[in-house]
> 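Okay, here's the structure, questions in a sec.
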Amino acid sequence: MPSFTVFKGSKEGKIVKGQTTRPDLENDQVLVKVTASGLCGTDEHYKGADMALGHEGAGVVEQIGPNVKDLKKGDRVGWGYEHDCCGSCEYCLTGRETYCPQRQMYGSANLDQGSFASHGVWRESFLFKIPDNMTDADAAPLMCGGATVFNALHTYGIKPTDRVGVIGVGGLGHLAIQFAAKMGCDVVVFSGSDSKKDEALKLGAKEFVSMKGKTELDIGRKLNALVVTTSFNPDWNLMLPVLAPTSIIFPLTVTDGNFEIPQMGLIGGGITVQGSVVAARAVHRHMLAFAALHDIKPITMEFPMTTEGIEDAMSTLRDGKMRYRGVLKPQ
């Protein structure tokens, strides 16, 4: 039985190097040699769990199972947060398999393998071909970060005529700015200080608002959508007045706890708060094609795929010093 290296979390929160043994490939399983892995805030959440870490994988097909149809040895592929689904419930049959009751997601299934590893074994139907004009290091962070922001904008009907607000210029925010701008939207960025203004405008924002010390906001034309990419809720008393009636809020990275918002402002403005997870597979494919067509790339910092490298990358993320997505590369 083949075995490969994985990097796991532990009760002490330390990164532990280990081995995973897998039986020979069955059905539509594919063995992928990892060439790059993105680092996501969710990986930090699982650092204290005894499980293989990483879910933004990119690599090269090394072996294929007997029922693999399209992929062949040498193909470049990536994978993300979801690994499997039942394939027959109403959600799977309507292209919404991320809500399948039997979905297999990072952190709750396949705990013996992840993208912080030398290899991974995944079903062909949950692997995505990487476009030719995209590097593995650029593709990896799109497998979750890119898919999450694109899914919100694409699936819930954001139009090129819409004015879209993005709160936070970080791992998700800097990708949300690019996707919304390339979709033709008028993008307004809200950030804690002026430090990221030039970068945000370069990424495609038309306007930048520094929130420091602000007690009220005036941005002219109001927002049709607001993408929240910070790990905390904004001051909704400050934000609701700049949302247009019937606008939509996407709280993409708000942490555990309750989502609280002034009820009268929500009702009076007919505002929708839309939950949204990672992209279903059809949307994920569109995301990769769209990113390749419009040259949308994550801004990355690279670290070695070693115990020390992963610890270093995670502490950089934890200290708020990541610009803007960590990528681990095998040595």
Side-chain angles (χ1 to χ4, degrees), residues 40-42 45 81-82 90-91 94-101 103 105 107 144-181 183 185-192 205 207 209 211 214-280 283-284 287:
C40 184
T42 316
H45 296 324
Y81 210 84
E82 187 174 24
E90 67 170 300
Y91 298 99
T94 51
R96 296 177 292 162
E97 70 274 3
T98 48
Y99 301 108
C100 167
R103 66 187 181 182
M105 297 284 213
C144 175
T148 299
V149 296
F150 183 86
N151 186 54
L153 297 166
H154 175 87
T155 303
Y156 298 100
I158 302 305
K159 301 184 293 297
T161 49
D162 285 341
R163 194 161 210 223
V164 175
V166 176
I167 299 183
V169 187
L172 288 184
H174 90 287
L175 291 169
I177 295 165
Q178 293 182 72
F179 276 116
M183 287 174 175
C185 301
D186 175 10
V187 181
V188 184
V189 171
F190 301 86
S191 186
E207 195 172 333
V209 179
M211 300 291 281
K214 290 273 197 301
T215 52
E216 61 177 330
L217 298 174
D218 180 10
I219 61 165
R221 183 186 161 206
K222 296 190 174 189
L223 303 172
N224 306 105
L226 181 65
V227 182
V228 183
T229 74
T230 47
S231 57
F232 51 87
N233 265 304
D235 178 351
W236 289 113
N237 289 308
L238 201 55
M239 295 307 301
L240 283 180
V242 300
L243 293 178
T246 72
S247 58
I248 185 166
I249 296 168
F250 298 106
L252 294 185
T253 56
V254 179
T255 51
D256 294 338
N258 295 333
F259 183 88
E260 293 183 9
I261 195 164
Q263 201 167 328
M264 287 310 293
L266 186 80
I267 294 168
I271 290 165
T272 301
V273 177
Q274 180 63 58
S276 175
V277 290
V278 293
V283 177
H284 196 119
M287 178 275 299

> State which residues pass side-chain contact (heavy atoms from CB on, under 4.5 Å) with P160; sequence neighbours excluded, sorted by chain then number.
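side-chain contact (heavy atoms from CB on, under 4.5 Å) check on P160 returns nothing, list empty.
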> Any side-chain heavy atom of Y99 within less than 4.5 Å of one from T94?
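When only atoms from C-beta onward are counted, T94 and Y99 do not touch, as no gap falls below 4.5 Å.
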> Identify the heavy atoms of A279 and A147 that sit nearest to each other, and give their distance.
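The pair with the smallest heavy-atom distance is CB-O, 3.7 Å.
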> Once side-chain contact (heavy atoms from CB on, under 4.5 Å) is applied, do any residues pair with S247, and if so which ones, sequence neighbours excluded?
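So S247 forms a side-chain contact (heavy atoms from CB on, under 4.5 Å) with L243, I271.
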> Measure from the side-chain N and O atoms of T229 to the backbone N and O of G168, and report whether any donor-acceptor pair falls under 3.5 Å.
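Confirmed, T229 side chain pairs with G168 backbone.
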> Does the N151 side chain pair with the main chain of H284, one donor and one acceptor, at a distance under 3.5 Å?
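A pair under 3.5 Å: no.
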> Kindly write out the residues that satisfy side-chain contact (heavy atoms from CB on, under 4.5 Å) with A180, not counting sequence neighbours, or none if the list is empty.
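Applying side-chain contact (heavy atoms from CB on, under 4.5 Å) to A180 gives L153, V164, C185, V187.
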> Between N233 and E260, is a side chain to side chain contact (heavy atoms under 4.5 Å, CB included) present by the stated rule, with each step listed?
CA-CA 8 Å; N233 265 304; E260 293 183 9; 6.0 Å; no
> Quick one: are M183 and Q178 in side-chain contact, heavy atoms under 4.5 Å?
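Result no, sub-4.5 Å side-chain heavy-atom pair not found.
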> Taking salt bridge (charged side-chain N to carboxylate O under 4.0 Å, His left out) as the cut-off, I'd like each qualifying pair that reaches into residues 225-252, sequence neighbours left out, listed once.
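For residues 225-252: none.
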> Could you tell me whether the side chain of K222 and the main chain of P241 form a donor-acceptor pair under 3.5 Å?
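Yes; judged by distance alone, with no hydrogens or angles, the pair exists.
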> Only one of L172, V273, V166, I167 forms a side-chain contact (heavy atoms from CB on, under 4.5 Å) with V228, so which one is it?
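One option only clears the test, and that one is I167.
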> By side chain to side chain donor-acceptor pair (under 3.5 Å), which residues pair with T215, not counting sequence neighbours?
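Per chain and number, T215 pairs via side chain to side chain donor-acceptor pair (under 3.5 Å) with no residue.
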> What distance do E82 atom CD and C144 atom SG have between them, rounded to the nearest 0.5 Å?
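The distance works out to 12.0 Å.
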> If you round to the nearest 0.5 Å, how far is CG of L226 from CZ of F250?
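CG of L226 is found 9.5 Å from CZ of F250.
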> Measuring from atom CG of L266 to atom CH2 of W236, what distance do you get when rounded to the nearest 0.5 angstrom?
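Result: 9.5 Å between the selected atoms.
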> For K159, enumerate each residue passing the salt bridge (Lys or Arg N to Asp or Glu O under 4.0 Å) test, keeping only those at least two apart in sequence or located in another chain.
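K159 satisfies salt bridge (Lys or Arg N to Asp or Glu O under 4.0 Å) with D162 once adjacent residues are dropped.
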> What distance separates Q274 CD from L252 CG, expressed to the nearest 0.5 Å?
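The CD atom of Q274 sits 10.5 Å away from the CG atom of L252.
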> If the condition is ring pair (Phe, Tyr, Trp, His ring centres under 6.0 Å), which residues does F150 pass it with, not counting sequence neighbours?
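Checked F150 against ring pair (Phe, Tyr, Trp, His ring centres under 6.0 Å); matches are H154, F179, F290.
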> Tell me the closest heavy-atom pair linking G165 and L223, and the distance in Å.
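Taking G165 first and L223 second, the nearest heavy atoms are N-CD2, 3.7 Å.
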> Quick one: closest heavy-atom pair of M105 and T98, and the distance?
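Result for this residue pair: CE-O, 3.6 Å.
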> Please report the shortest heavy-atom distance between Y91 and P101, naming the atom on each side.
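Minimum heavy-atom separation between Y91 and P101: CD1-CD, 4.4 Å.
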> Please report the interatomic distance OG1(T148) to CE(M287), rounded to the nearest 0.5 Å.
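Reported value, rounded in 0.5 Å steps: 8.5 Å.
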> For V209 and I219: C-alpha separation, side-chain torsions, deciding distance, then whether side chain to side chain contact (heavy atoms under 4.5 Å, CB included) applies.
CA-CA 8 Å; V209 179; I219 61 165; 4.0 Å; yes
> Taking only residues two or more places apart in sequence, or in another chain, which ones meet T272 in a side chain to side chain donor-acceptor pair (under 3.5 Å)?
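Scan of T272 (side chain to side chain donor-acceptor pair (under 3.5 Å), adjacent residues dropped) gives none.
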> I'd like to check the side-chain contact (heavy atoms from CB on, under 4.5 Å) partners of R221; sequence neighbours left out, ordered by chain and number.
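With sequence neighbours excluded, R221 shows a side-chain contact (heavy atoms from CB on, under 4.5 Å) to R163, D186, N224, given in chain and number order.
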> Ignoring hydrogens and geometry, is there a side-chain-to-backbone donor-acceptor pair from T253 to T230 under 3.5 Å?
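Confirmed, T253 side chain pairs with T230 backbone.
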> What's the separation between atom OG in S276 and atom CD1 in I249, rounded to the nearest 0.5 Å?
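S276 atom OG to I249 atom CD1 measures 14.0 Å (nearest 0.5 Å).
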